[in-house]
Amino acid sequence: MAHLGVGIGWRPEIADAVERLPGLDWVEVVAENICPGHLPASLLRLRERGVRVVPHGVSLGLGGAERPDAAKLAALGERALALGAPLVTEHIAFVRTSSPALEAGHLLPVRRTRDALDVLCENVRIAQEALPVPLALENIAALVSWPGEELTEGQFLTELVERTGVRLLIDVANLHTNRVNRGEDPFAVLDAIPLEALAYVHVAGGVERDGVWHDTHAHPVPAVVLEVLAELRERVAPAGVLLERDDDFPAEAELAGELAAIRGVVGPPEGDDFPAEAELAGELAAIRGVVGPPEAVVLSPAGPSALRRGSAPVDPRRRTRVGEEQGALLSALVAGAEVPEGFDEERVRVQARALAAKRAGVVAKLAPELPGILGGEAPYREAFLGYAGSRPMTAGYRRDALDFAEHLLIRDLPADPAARRRLTAWWQDRAGARPPRRIVRWARALAGRAA
C-alpha cells in the first residue's frame, strides 16, 4: 500500500464539491451504495485524475455469530476490483442476528469476551481468504456497554491483529465517542494497540446531548476529536486520514477548511508505511527457511509479527453463546424485548430511539416520495416511528420501506383517500402486487403464532 494522504468520504450529494476540493489525495465510498458495472461518473473522473478510491463496507457484520455471507464478500471484492482499490475496509461490529432474525440497520458493539474474539477472528480469516485485496477493520462508536467484558479495547484489538494479521482503521471520532459514552480513555487505547498495523484513520463530527455523544457524521469536526488525532500523530505517521460527512452537508469552503485543519494536525507525509515489494519477498523467503513450506504460512501486510498458521474451527457452542447474547440485546433494541441483565436500561432505550430515528431517516432517503405522500416530514416520522415500534427490520432498508407502506395500507392509512391511492400506486409499482387486506394480515399473524 502506498501512502494515501488526506481524503474525504465520497457521497453523491457532494460529488461535484469533492471533485473541486484542492489537494485531494483519495476518497472512500460506501461499498453497498455503488454498482461495479455502473460506477458514478464523478468517481470515474476522480480515478482518471489518479485519485484513489477505497470501498468501505457496512453490512458484513464480521462480529456477528454467523459466518460471513459469501455473496456479500464476493460483492465487496467485486467493488474493490472495479475501483482498483489497494484495500477494502469494514467494521468490528455485528449488524444482525439469525435467531431471532433481526436487522439492526446499524453497527453494534461486539462484547469483548474470549468467545466473541474467537468468532470474530474466524470470520475475519474467512473474509481475508475470499477478498482479492487486504482487509482493514474499523473500531466503532457505541452508546451501550456490555456487562462482564473480559478484555479491554486495546487488548481485544491487539489480539485480533496478532491472530489474523488484519490491519486497523482507527476512527478517532469513535474513540472520543466511547470516552464520553463508555468511559474509555482514547489515549490508553492508542498506547495499547499495534499501530504498525494501522491502515488509515477516520475523522468525523458529532454532538453531545444530555451526557451522550452522538456520532452523527453530520456536524463539524470538534476540537476534542482533532486532539485525539494529534495524539495518534504523536505515536505514528498514518498512511491516510479521511474526513467523513454523511448528512447536513456544509458549503464547499467549509469542507475544504476541515480538510485543511486535518492536514495541519497530521503534517506532511513521511513516506510509505509499507515496505517495498522486494522487501516483502525477502521477508517471506527468510520465513520459509525457518518454518518450512510456503503454504504453511501467510505474511500479512502488517508485518512479520502478524505471521499466523491455520487455526482450528471455532467450537459451535461459542458461536451459539455469542448469538444468544447478541440476539437478546438486538431484540431489546428493535423488538421491544426486555433489556438483558447487566445493561444500563436508559442507555439501551436511548440506543433504541436512535435506531428507530435512523431507520426513518434512511427510508426517507431511499423512498423520498413517502414523506410527500404522507403530508410532510413530521407526519411521515410520526407514522414511521409508530410502525417501527412494533415491526423490527428483518431484511434491510429497501424492504423496510415496502413493509412500512404495507403496514399503513392494511390499516386504511393515510386517512385521505387521495393520499391512500398514491401510496397504493407507489407500493404496487415496487412490490408488484396488491396490498393484502386485514383478513390476510390476521391469517399471517395466526399462522406465525401457530408455528
Side-chain angles (χ1 to χ4, degrees), residues 11-16 30 32-35 38 40 42 58-59 95-96 101-106 214 216-219 245-250 330 333-336 349-448:
R11 304 293 183 266
E13 297 90 339
I14 54 171
D16 292 341
V30 177
E32 290 81 354
N33 290 351
I34 61 168
C35 176
H38 304 279
S42 172
V58 297
S59 66
V95 298
R96 66 184 61 86
L102 296 172
E103 288 274 345
H106 189 71
H214 297 270
T216 64
H217 293 194
H219 291 80
R245 187 73 178 237
D246 294 329
D247 210 347
D248 289 341
F249 298 102
L330 190 51
L333 290 171
V334 304
R349 285 193 286 270
V350 170
Q351 179 72 86
R353 290 194 294 269
L355 290 180
K358 180 179 179 179
R359 278 176 71 185
V362 174
V363 166
K365 282 188 174 182
L366 291 174
E369 304 88 353
L370 291 177
I373 292 171
L374 298 178
E377 181 67 22
Y380 159 76
R381 290 188 74 84
E382 181 181 358
F384 190 92
L385 293 176
Y387 150 81
S390 60
R391 291 286 301 277
M393 184 165 57
T394 60
Y397 286 112
R398 296 188 187 279
R399 182 70 249 177
D400 206 21
L402 290 173
D403 288 346
F404 170 54
E406 179 184 329
H407 170 87
L408 295 178
L409 292 170
I410 287 169
R411 287 156 180 77
D412 291 328
L413 296 172
D416 176 54
R420 195 161 60 249
R421 286 193 295 271
R422 289 175 60 199
L423 185 61
T424 299
W426 181 92
W427 190 91
Q428 288 175 328
D429 284 346
R430 290 153 183 81
R434 292 179 61 82
R437 307 307 298 169
R438 284 193 186 91
I439 188 65
V440 177
R441 185 54 172 251
W442 291 338
R444 288 180 183 172
L446 288 171

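Since the model is a prediction, treat every value here as computed from it, not as a measurement. Quick note: numbers below take in every heavy atom, side chains included, and nothing from hydrogens, waters or symmetry partners.
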Query raised in the report: If you measure from CG on Leu402 to CG on Asp429, what distance do you get to the nearest 0.5 Å?
Result: 11.0 Å
Query raised in the report: Is any side-chain heavy atom of Gln351 closer than 4.5 Å to a side-chain heavy atom of His106?
Result: yes
Report task. With rounding to the nearest 0.5 Å, note down the distance linking CG in Leu366 to OH in Tyr397. Result -> 9.0 Å
Report task. Measure the shortest side-chain to side-chain distance between Leu423 and Leu370 over non-hydrogen atoms and say whether it is less than 4.5 angstrom. Result -> yes
**Report entry** Straight-line distance of Leu374 CG to Arg422 CZ, nearest 0.5 Å
**Finding:** 9.0 Å
Query - Closest heavy-atom pair and its distance - Val95, Val58 - result: CG1-O, 4.0 Å
**Report entry** Side-chain donor/acceptor of Arg245 to backbone N/O of Asp247, under 3.5 Å
**Finding:** yes
Report summary line: Distance col, row Arg398:CZ vs Asp400:CG, nearest 0.5 angstrom, shows 12.0 Å
Report summary line: In short, Gly105 meets Lys358 closest at the heavy-atom pair O-NZ, 3.1 Å
Query raised in the report: Does some side-chain heavy atom of Val363 sit less than 4.5 Å from a side-chain heavy atom of Tyr387?
Result: no
Requested in this report: State, yes or no, whether a side-chain contact exists between Phe404 and Trp427 at a heavy-atom distance under 4.5 Å.
Outcome: no
Query raised in the report: Between Ile34 and Pro40, what is the shortest heavy-atom contact and its length?
Result: CG2-CD, 4.3 Å
Query raised in the report: When you measure from the side chain of Arg96 to the backbone N and O of Ala101, does any donor-acceptor pair fall under 3.5 Å?
Result: no
Query - Rounded distance (nearest 0.5 Å) linking atom OG1 of Thr424 with atom CD of Gln428 - result: 6.0 Å
Query raised in the report: Looking at side-chain heavy atoms only, is the closest gap between Glu103 and Thr394 below 4.5 Å?
Result: no
Query raised in the report: Should we count CD of Glu382 as having more than 12 external heavy atoms under 6.0 Å?
Result: no
Query raised in the report: Do you know the tightest heavy-atom contact between Leu408 and Ala383?
Result: CD2-CB, 4.4 Å
Query raised in the report: Any sub-3.5 Å donor-acceptor pair from Arg420's side-chain atoms to Leu413's backbone N or O?
Result: no
Query raised in the report: Which value, rounded to the nearest 0.5 Å, describes the distance between Leu333 atom CG and Leu102 atom CG?
Result: 10.0 Å
Query raised in the report: Are side-chain heavy atoms of Arg11 and Asp246 found at a separation under 4.5 Å?
Result: yes
Query raised in the report: How about Asp403 and Arg391: do any of their side-chain heavy atoms sit closer than 4.5 Å?
Result: yes
Query - N-O pairing of Arg430 and Glu369 below 4.0 Å - result: yes
Query raised in the report: Does a side chain donor of either Ser59 or Glu32 reach within less than 3.5 Å of an acceptor in the other side chain?
Result: yes
Query raised in the report: Are Leu385 and Tyr380 close enough that some pair of their side-chain heavy atoms sits under 4.5 Å apart?
Result: no
**Report entry** Which atom of Ala360 lies closest to which atom of Arg381, heavy atoms considered
**Finding:** CB-NH1, 4.0 Å
Query raised in the report: Can you name the nearest heavy-atom pair linking Leu330 to Ala104, along with the distance?
Result: CD1-CB, 3.7 Å
